[in-house]
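Below, all heavy atoms of this structure are taken into account, side chains as well, without hydrogens, waters or symmetry copies. Along the sequence shown, residues carry numbers from 1.
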Amino acid sequence: MLAKQISITTRSARPLPISYIVLVAQQCPCDVYIRQTDVQINAKDYDQMMRDWNPRGERLVFYLNGAGEAAAGDRLQKALEV
């Protein structure tokens, strides 16, 4: 399992849309999760993201598990830090 911390403060003043995170995560071949306190959220599941994700702070930590996790982490970072 690989943990990838991504800064979201380099983006414009607009908040990062959940649908965009889900779209980018779905393009990754491995499992993609965001962990908050005691909740692990599947970043590929729009309904779970809407229900459970409550972003706090300036960074997101993605947990990637499976084939291609390093490449998936780079893809997420490139897509979300722009």
Could you walk me through whether D45 and V22 pass the side chain to side chain contact (heavy atoms under 4.5 Å, CB included) test, one step at a time?
CA-CA 7 Å; D45 184 342; V22 172; over 6 Å; no
Interatomic distance, CG@N42 vs CD@Q26, rounded to 0.5 Å, equals 9.0 Å
Do you know which two heavy atoms are closest between M49 and I34, and how far apart they sit?
CE-CD1, 3.9 Å
Over all atoms of both residues, closest heavy-atom pair of C28 and L76
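The answer is SG-CG, 4.3 Å.
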Validation row: D31, M1 side chains within 4.5 angstrom (heavy atoms)
no
Say whether I41 and Y33 are linked into one hydrophobic cluster, either directly or through other cluster members, by side-chain heavy-atom distances under 4.5 angstrom.
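No.
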side-chain contact (heavy atoms from CB on, under 4.5 Å) against L23, all qualifying residues, sequence neighbours excluded
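L23 satisfies side-chain contact (heavy atoms from CB on, under 4.5 Å) with Q27 once adjacent residues are dropped.
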Is a side-chain donor or acceptor of Q40 paired with a backbone partner of R35 at a separation under 3.5 angstrom?
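Checking the backbone N and O of R35 against the side chain of Q40, no donor-acceptor pair under 3.5 Å is found.
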For the backbone of C30 and the side chain of K44, can you confirm whether one donor and one acceptor N or O come within less than 3.5 Å of each other?
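Answer holds: yes.
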Enumerate donor-acceptor pairs with a distance under 3.5 Å from any side-chain N or O in residues 60-73 to protein atoms, sequence neighbours excluded.
{"unit_1": "E69", "atom_1": "OE1", "unit_2": "G66", "atom_2": "N", "d": "3.1"}

